[in-house]
Amino acid sequence: MTSKNHPHAAPTSLAEKAKGLLFIVSAPSGSGKSTLVQRVLHEVPHLCFSVSHTTRPPRAGERNGVEYFFVSPEDFESMVRRGEFVEHAKVFGNDYGTTWKQVEEAQASGDVLLDIDVQGAAQVKQRFGEEAPSVFLLPPSFEVLEERLRGRSSDGDAVIQKRLETARREIREYSKYDYVIVNDDLDRAAEVLRSIIQAQRARQIRQREEIRKILKSFGGNIE
Ligand code: ADP
Ligand code: 5GP
């Protein structure tokens, strides 16, 4: 999407506007991304999830506005035309997208976590650069990925086969990401993701206001 067809101007630095970082997390389906993301969201303060819009039907237990906003293909298309998406992509035959509204609402309370596929990640990275640190989650092996997809028992065999085929393609994208986490042990993977978030928050450009206040207390014209 270009900046022409949405109502938001090309980005200035999020850091200078004291806006939250956009943490991108992508992974082949079944790697354990939702499990990891939910866990880290509970553990890290001032980190909010951006709820995406999708045309896929809800799975058992999914609630509108919590896991996703479930919309019709027609409504999704209208939202695309109105420029409401920061990024959007077709994944497994359904449309998925991140709206400016969700991102901005989440940024009001801190940093934002985007659980999006490799196509969406490329769009966000291109637009926001360093202010969208990206993480690729890898399963420990193809065999483990298959086990996890089957163990989740939310999809039939044909869907699982499709997800495995897509995974073969998607894992090649790992090199476009800033960080890679192997999701072998969940505790360890969560610790690494928390560390990445903390390190990004500690970058001096993210702390300009706080630093200025401290320097001011020293008197003189230290900048
Ligand atoms: P995704 O969101 O990537 O599609 P899920 O979070 O639904 O994947 O995880 C797929 C399955 O793998 C689930 O049954 C989940 O409980 C299991 N799982 C996730 N992470 C791990 C892990 N580190 N070790 C073992 N099983 C895991
Ligand atoms: P699922 O249907 O299993 O929840 O998600 C399928 C895939 O769509 C996952 O890889 C997930 O990261 C991706 N996805 C979810 N929301 C979005 C979004 O808003 N944009 C993009 N590009 N992908 C998304």
Side-chain angles (χ1 to χ4, degrees), residues 1 22-42 48-71 76 79-80 84-103 106 112-128 132 134-156 159-160 162-171 173-174 176-177 181-193:
M1 195 197 296
L22 306 179
F23 287 100
I24 299 170
V25 183
S26 301
S29 176
S31 306
K33 183 173 51 167
S34 313
T35 309
L36 180 70
V37 160
Q38 284 315 313
R39 164 129 180 214
V40 168
L41 281 167
H42 279 109
C48 290
F49 184 65
S50 164
V51 181
S52 296
H53 282 63
T54 183
T55 60
R56 94 152 155 71
R59 294 191 185 119
E62 285 184 335
R63 295 144 296 171
N64 191 40
V66 179
E67 285 82 10
Y68 285 103
F69 291 101
F70 297 98
V71 294
F76 193 94
M79 291 175 75
V80 172
E84 292 184 25
F85 289 113
V86 178
E87 63 74 33
H88 63 93
K90 207 173 261 303
V91 188
F92 303 122
N94 294 303
D95 290 302
Y96 293 81
T98 306
T99 59
W100 286 100
K101 184 165 181 279
Q102 281 300 307
V103 166
V112 185
L113 210 149
L114 303 176
D115 168 345
I116 58 178
D117 88 313
V118 294
Q119 307 165 76
Q123 295 172 47
V124 173
K125 195 70 185 165
Q126 192 183 24
R127 181 178 288 275
F128 294 101
S134 59
V135 179
F136 195 84
L137 189 66
L138 270 177
S141 68
F142 181 82
E143 290 72 24
V144 171
L145 180 65
E146 184 164 6
E147 269 169 35
R148 287 187 188 164
L149 280 169
R150 295 200 187 282
R152 189 166 65 177
S153 59
S154 62
D155 304 302
V159 172
I160 290 177
K162 179 112 186 272
R163 288 181 185 232
L164 288 171
E165 268 167 46
T166 307
R168 281 207 164 93
R169 216 177 38 244
E170 282 181 341
I171 52 159
E173 302 290 312
Y174 81 89
K176 296 183 183 152
Y177 286 71
I181 303 177
V182 178
N183 185 19
D184 40 16
D185 175 71
L186 189 62
D187 288 339
R188 195 201 62 88
E191 193 190 332
V192 178
L193 183 52

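Here the structure is a predicted model, which is why all the values come from computation and not from measurement. In each ligand, atom 1 is the first atom listed, and ligand 1 is the first ligand listed. The chain is numbered in sequence order, starting from 1.
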H53 heavy atom under 4.0 Å from ligand 2:
no
Hey, is R163 one of the residues with a heavy atom under 4.0 angstrom from ligand 2?
yes
If you scan protein heavy atoms around atom 10 (C) of ligand 1, the nearest is G30 O, 3.6 Å
Applying a strict 4.0 Å limit to heavy atoms, is L149 in contact with ligand 1?
no
With backbone taken as N, CA, C and O and side chain as the heavy atoms from C-beta onward, which portion of Q119 lies under 4.0 Å from ligand 2: side chain, backbone, both, or neither?
neither
The single option from L22, V91, I24 passing side-chain contact (heavy atoms from CB on, under 4.5 Å) against I116:
I24
Nearest non-hydrogen atom to atom 2 (O) of ligand 1 belongs to which of A167, G151, S34, S31?
S34
Within-4.5 Å side-chain heavy-atom neighbours: T35 and R39
no
Are any non-hydrogen side-chain atoms of R168 and F142 less than 4.5 angstrom apart?
yes
Side-chain (E67) to main-chain (R63) donor-acceptor, under 3.5 angstrom:
yes
Can you find a pair of side-chain heavy atoms, one from P28 and one from T166, that are under 4.5 Å apart?
no
Heavy atoms, side chains only, cut-off 4.5 Å: are R148 and R152 in contact?
no
Is a donor on one side and an acceptor on the other found under 3.5 Å between the side chain of S52 and the backbone of Y96?
no
Does ligand 1 have any atom sitting under 4.0 Å from a heavy atom of A27?
no
Taking only heavy atoms of V91 into account, list the atoms of ligand 2 that are under 4.0 Å away from them.
7 (C), 8 (O)
Would you say the side chain of F49 lies within less than 4.5 Å of the side chain of D115, judging by non-hydrogen atoms?
yes
May I have the step-by-step check of salt bridge (Lys or Arg N to Asp or Glu O under 4.0 Å) for K90 and D117, ending in yes or no?
CA-CA 9 Å; K90 207 173 261 303; D117 88 313; over 6 Å; no
Is the side chain of T54 donor-acceptor paired with the backbone N or O of R56 at a distance under 3.5 Å, no angle test?
yes
Could you find the nearest protein heavy atom to atom 19 (O) of ligand 2 and give me its residue, atom name and distance?
S52 OG, 2.6 Å
Element-labelled atoms of ligand 1 that are located less than 4.0 Å from some non-hydrogen atom of D184
22 (C), 23 (N), 24 (N)
Select one of side chain, backbone, both or neither to describe which atoms of K90 lie under 4.0 Å from any atom of ligand 2, heavy atoms only.
neither
for atom 23 (N) of ligand 2, nearest protein heavy atom and its distance come out as D117 N, 3.1 Å
Nearest non-hydrogen protein atom, atom 8 (O) of ligand 1
G32 N, 3.1 Å
Is any side-chain heavy atom of F128 closer than 4.5 Å to one of V86?
yes
Can you report which non-hydrogen protein atom sits closest to atom 3 (O) of ligand 2, along with the distance?
R59 NH2, 2.9 Å
Do the non-hydrogen side-chain atoms of K125 and K176 ever get within less than 4.5 Å of each other?
no
Any side-chain to backbone donor/acceptor pair from Q102 onto T99? Under 3.5 Å, distance only.
no
Any atoms of ligand 1 less than 4.0 Å from a non-hydrogen atom of S29? List them with their elements.
4 (O)
For F92 and ligand 2, does the shortest N/O to N/O distance drop below 3.5 Å?
no
Of V40, L41, L36, the residue whose pairing with Q38 passes side-chain contact (heavy atoms from CB on, under 4.5 Å)
L41
Please could you name the atoms of ligand 1 that L186 approaches to less than 4.0 Å, counting only its heavy atoms?
23 (N)
Pick one: which of E84, H88, E87, Q123 meets side-chain hydrogen bond (donor to acceptor under 3.5 Å, both in side chains) with T98?
E87
At less than 4.0 angstrom from any non-hydrogen atom of A89, what atoms of ligand 2 do you find?
22 (N)
For ligand 2, which atoms, with element, lie under 4.0 Å from some heavy atom of G120?
22 (N)
By number and element, which atoms of ligand 2 are closer than 4.0 Å to a non-hydrogen atom of K33?
9 (C), 10 (O), 11 (C), 12 (O)
When F85 is tested against each of F69, W100, F76 for ring pair (Phe, Tyr, Trp, His ring centres under 6.0 Å), which residue passes?
F76
Among all protein non-hydrogen atoms, which one is nearest to atom 23 (N) of ligand 1, and what is the separation to 0.1 Å?
N183 OD1, 2.9 Å
Atom indices of ligand 2 within 4.0 angstrom of D115 heavy atoms, with elements
11 (C), 12 (O), 14 (N), 15 (C), 16 (N), 17 (C), 24 (C)
Check: of K33, R148, Q38, min heavy-atom distance to atom 21 (C) of ligand 1 comes from R148
Geometry only, no angles: is T98 polar-contacting ligand 2 at N/O separations under 3.5 Å?
yes
Ligand 1 and T35, any nitrogen or oxygen pair closer than 3.5 angstrom?
yes
Among all the protein's non-hydrogen atoms, which is closest to atom 20 (N) of ligand 2, and how far away is it?
E87 OE2, 2.8 Å
Check whether any side-chain heavy atom of L114 sits under 4.5 Å from a side-chain heavy atom of V103, and report yes or no.
yes
How far is atom 4 (O) of ligand 2 from its nearest protein heavy atom, and which residue and atom name does that atom have?
Y68 OH, 2.5 Å
Report the part of R56 in contact with ligand 2, treating N, CA, C, O as backbone and CB onward as side chain, heavy atoms under 4.0 Å; options are side chain, backbone, both, neither.
side chain
To the nearest 0.1 Å, how far is atom 7 (O) of ligand 1 from its closest protein heavy atom, and which atom is that?
R152 NH1, 3.0 Å
What's the shortest distance from atom 6 (C) of ligand 2 to any protein heavy atom, and which residue and atom give it?
Y96 OH, 3.6 Å
